[in-house]
Asker: 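Before anything else, here's the structure in question.
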Amino acid sequence: MFSVMTALTTDEARNFLVGHHGLRSVFGEGRSALAPLLARMRCIQLDPLDPIGTNADLVAMARIDGLARGQIYDLLDGQAFEHWAKERCLLPSSAFPYYRDRVVETPWWRLGERHRKLPGGVLEDVLAEVAERGPVAAGDLQGYGRVEQLDYGGWKSTPRAATLALKVLWTRCQVVVCGRRGKHKLYDVPDRALPRTHKLDREHAFEPWALVERVEAAGLLSTATGPHWSMLAEVRTSGLPEELVAQGVLERVTVEGSRREYLAPAGFLDRVYPDDDGRMRILGPLDPLIWDRKLIQHAFDFEYIWEVYKPVEQRRWGWYVVPLLHCGRLVGRIDARVADTALIVDKLWREDTTFDETAYAECLARHARHVCNPESDGL
């Protein structure tokens, strides 16, 4: 028996996505708004590249006023942790019991291969040192020798046994990232880093919980394969999506003009969002609004390819070009960087005939305050 399919126009899909992703109005101001934002978004994808703020910075700054560059990582002080979700993500601490139990049941991310490279006893010794001395960075740990590097198609892992051990312990949720020291991650044991959640029991099995979280994070989650299913590929091909639809937890959705099908939260059309505040916003290259590039091209008539990993000669736009959102539409893109205390736009592509120059200037001025003067802008 097939479930009912909800049909959306492209306007309805676009309006829902912008509202669902909190891009119509300011969510809050300063550090105090970060934890509620992460709880709403479910996850914020991480990437270390930082020309105008990292992706996590850009995701937060598009929704919160008064943030300084790097303040998003303040959440790691007891309110969040890092793990694999839609690739490596910042996750609310309430998700930790699910990840802790999951890695015991089903090892992730080449865990066995990494473990086999480590000499006997190193894992236990590194864990004991973190428990005694944490929070610590990998470089703070004692010398435990070297290991044979893993080769991921030409990219090689660390040769330091201590660093590899930390990665294994982190994947197994025996240690967590609890902060930053410059560009270096700090690690600690969960009972110190996540005192309110590390001992809690999960309420549901991992797979249905994770699927609902991913649908909420995406808004409209295509049932077709793609990076939006990262770490949940086996769930996509199981009977679980249809089972949750039958239970009334999720809905099946189509968008006019496309043969693709999507999963959406049950009752999503009844959700109410604020009116648009008229701001133009810079989106991170991994903002959840643009996770599904095919959906964005169809619903927003906007092609976006993040070209950071493409050879120079194959780039159409540039190394770190990011989209501009205004009044529910993707109206352009910029290639920008921070130099000293200035935000410099090397190139602007206007892709809407009604491109608002005033909103654009205000957007740049606001972002410059966020990323060029972090000490004075933090609240």
Side-chain angles (χ1 to χ4, degrees), residues 31-48 54 56-57 59-60 67-68 70-105 107-109 111 114-115 118 122-142 144 158 160 162-203 206 209-210 213 231 378:
R31 290 187 182 98
S32 62
L34 287 169
L37 177 69
L38 180 58
R40 171 176 171 166
M41 298 188 71
R42 268 52 178 198
C43 65
I44 295 177
Q45 196 165 345
L46 298 172
D47 187 87
T54 65
D57 286 323
V59 168
L67 285 180
Q71 279 187 342
I72 183 69
Y73 303 107
D74 289 353
L75 285 172
L76 291 168
D77 185 15
Q79 299 178 87
F81 69 106
E82 295 182 16
H83 219 288
W84 301 112
K86 166 66 169 60
E87 300 302 331
R88 190 163 183 145
C89 284
L90 197 64
L91 297 156
S93 58
S94 59
F96 183 73
Y98 291 91
Y99 279 77
R100 175 201 61 206
D101 295 348
R102 173 65 169 177
V103 295
V104 172
E105 297 170 356
W108 276 351
W109 208 251
L111 188 59
R114 292 174 186 264
H115 199 171
L118 290 168
V122 169
L123 206 61
E124 294 75 15
D125 290 345
V126 170
L127 179 58
E129 185 175 352
V130 175
E132 180 182 353
R133 299 178 55 204
V136 293
D140 297 333
L141 296 172
Q142 299 177 34
Y144 291 91
T158 177
R160 293 187 69 239
T163 304
L164 184 61
L166 267 183
K167 290 182 181 295
V168 171
L169 293 167
W170 170 79
T171 305
R172 287 166 43 166
C173 293
Q174 291 178 272
V175 302
V176 294
V177 177
C178 64
R180 294 283 197 283
R181 183 195 300 150
K183 294 184 178 181
H184 300 287
K185 296 181 176 70
L186 297 177
Y187 295 84
D188 208 346
V189 289
D191 61 343
R192 225 173 10 231
L194 301 172
R196 293 186 296 275
T197 54
H198 82 284
K199 289 185 178 179
L200 294 180
D201 294 327
R202 63 185 187 186
E203 297 180 8
F206 179 85
W209 171 84
E213 290 289 295
M231 304 297 154

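Atom set for the values below is all heavy atoms of this structure, side chains included, hydrogens, waters and symmetry mates excluded. All of these numbers come straight from a predicted model, not from anything done at the bench.
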Asker: Can you find a heavy atom in the side chain of Asp125 that is under 4.5 Å from one in the side chain of Tyr144?
Answerer: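 Sidechains of Tyr144 and Asp125: in contact.
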Asker: Quick one, Leu164 with Val122, criterion side chain to side chain contact (heavy atoms under 4.5 Å, CB included). Give me CA distance, side-chain angles, the key distance, then yes/no.
Answerer: CA-CA 10 Å; Leu164 184 61; Val122 169; over 6 Å; no
Asker: Would Arg181 and Asp140 satisfy salt bridge (Lys or Arg N to Asp or Glu O under 4.0 Å), going step by step from the backbone distance to the final call?
Answerer: CA-CA 11 Å; Arg181 183 195 300 150; Asp140 297 333; 3.0 Å; yes
Asker: Is there a donor-acceptor contact under 3.5 Å from the side chain of His83 to the main chain of Tyr99?
Answerer: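 Looks like no, no N/O pair under 3.5 Å.
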Asker: Write down the atom of Gln142, the atom of Ala162, and the distance for their closest heavy-atom approach.
Answerer: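 Shortest heavy-atom separation between Gln142 and Ala162 comes out as O-CB, 4.0 Å.
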Asker: Think Arg100 forms a cation-pi with Trp170, using NZ or CZ under 6.0 Å from the six-ring centre and within 45 degrees of its axis?
Answerer: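 No.
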Asker: With rounding to the nearest 0.5 Å, note down the distance linking CG in Leu127 to CZ in Arg172.
Answerer: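 Leu127 CG to Arg172 CZ: 8.5 Å, rounded to 0.5 Å.
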Asker: If you define the side chain from C-beta out and look only at heavy atoms, does anything of Leu141 sit under 4.5 Å from Thr163?
Answerer: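 They are not in side-chain contact.
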Asker: Taking Arg160 for the side chain and Ala165 for the main chain, is one N or O donor matched with an acceptor at less than 3.5 Å?
Answerer: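 Looks like no, no N/O pair under 3.5 Å.
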Asker: For residues 72-81, which side-chain N or O atoms pair as donor and acceptor with protein atoms under 3.5 Å away, sequence neighbours left out?
Answerer:
| unit_1 | atom_1 | unit_2 | atom_2 | d |
| --- | --- | --- | --- | --- |
| Tyr73 | OH | Thr54 | OG1 | 2.9 |
| Asp74 | OD2 | Arg31 | NE | 2.7 |

Asker: Using modelled atom types and a 3.5 Å cut-off, is there a donor and acceptor pairing between side-chain atoms of Tyr98 and backbone atoms of Glu203?
Answerer: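 Yes, the answer is positive, given that a donor and an acceptor are paired below the 3.5 Å cut-off.
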Asker: Is it the case that the side chain of Gln71 and the backbone of Ala68 share a donor-acceptor pair, with hydrogens and angles ignored and the cut-off at 3.5 Å?
Answerer: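 Flag set: sc Gln71 to bb Ala68 pair under 3.5 Å.
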Asker: Between the side chains of Arg180 and Glu82, is the shortest nitrogen-to-carboxylate-oxygen separation below 4.0 Å, so that they form an ion pair?
Answerer: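 Judged by the 4.0 Å cut-off on N to carboxylate O distance, Glu82 and Arg180 do form a salt bridge.
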Asker: Could you walk me through whether Val136 and Glu129 satisfy the side chain to side chain contact (heavy atoms under 4.5 Å, CB included) test, starting with their C-alpha distance in whole Å, then the side-chain angles of each, then the deciding distance to 0.1 Å, before giving a yes or no?
Answerer: CA-CA 9 Å; Val136 293; Glu129 185 175 352; over 6 Å; no
Asker: Using every non-hydrogen atom in the two residues, find where Pro92 and Leu38 come nearest and quote the distance to one decimal.
Answerer: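 Reported closest heavy-atom pair: N-CD2, 3.6 Å.
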Asker: Using 0.5 Å steps for rounding, measure from the OG atom of Ser93 to the CZ atom of Arg196.
Answerer: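 If we round to the nearest 0.5 Å, Ser93:OG and Arg196:CZ are 6.0 Å apart.
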Asker: Between CG of Leu91 and CD of Glu213, what distance do you get to the nearest 0.5 Å?
Answerer: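 Those atoms lie 9.0 Å apart.
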Asker: Measuring from Lys185:NZ to Cys178:SG, what's the distance to the nearest 0.5 Å?
Answerer: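 Reported value, rounded in 0.5 Å steps: 12.0 Å.
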Asker: To the nearest 0.5 Å, tell me how far Leu194 CG sits from Cys173 SG.
Answerer: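 Rounded to the nearest 0.5 Å, the CG-SG separation comes to 9.5 Å.
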Asker: Using every non-hydrogen atom in the two residues, find where Gln174 and Pro190 come nearest and quote the distance to one decimal.
Answerer: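 Here Gln174 and Pro190 meet closest at O-CD, 3.1 Å.
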Asker: Decide yes or no on side chain to side chain contact (heavy atoms under 4.5 Å, CB included) for Leu169 and Val130, but give the supporting numbers first.
Answerer: CA-CA 10 Å; Leu169 293 167; Val130 175; 5.5 Å; no
Asker: What is the minimum heavy-atom distance between Leu37 and Ala60, and which atoms define it?
Answerer: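 Taking every non-hydrogen atom into account, CD2-CA, 4.1 Å.
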Asker: Might you point out which heavy atoms bring Ala193 and Val176 nearest each other, and give the distance in Å?
Answerer: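 The answer is CB-CG2, 3.4 Å.
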Asker: Would you say Asp57's side chain and Gly70's backbone share a donor-acceptor pair under 3.5 angstrom?
Answerer: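 Judged by distance alone, yes, a pair lies under 3.5 Å.
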Asker: Between Val177 and Tyr187, is the side chain to side chain contact (heavy atoms under 4.5 Å, CB included) condition met? List the steps.
Answerer: CA-CA 5 Å; Val177 177; Tyr187 295 84; 3.7 Å; yes
Asker: Return the CH2 to CG distance between Trp84 and Leu46, rounded to the nearest 0.5 Å.
Answerer: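 Here the interatomic distance stands at 9.5 Å.
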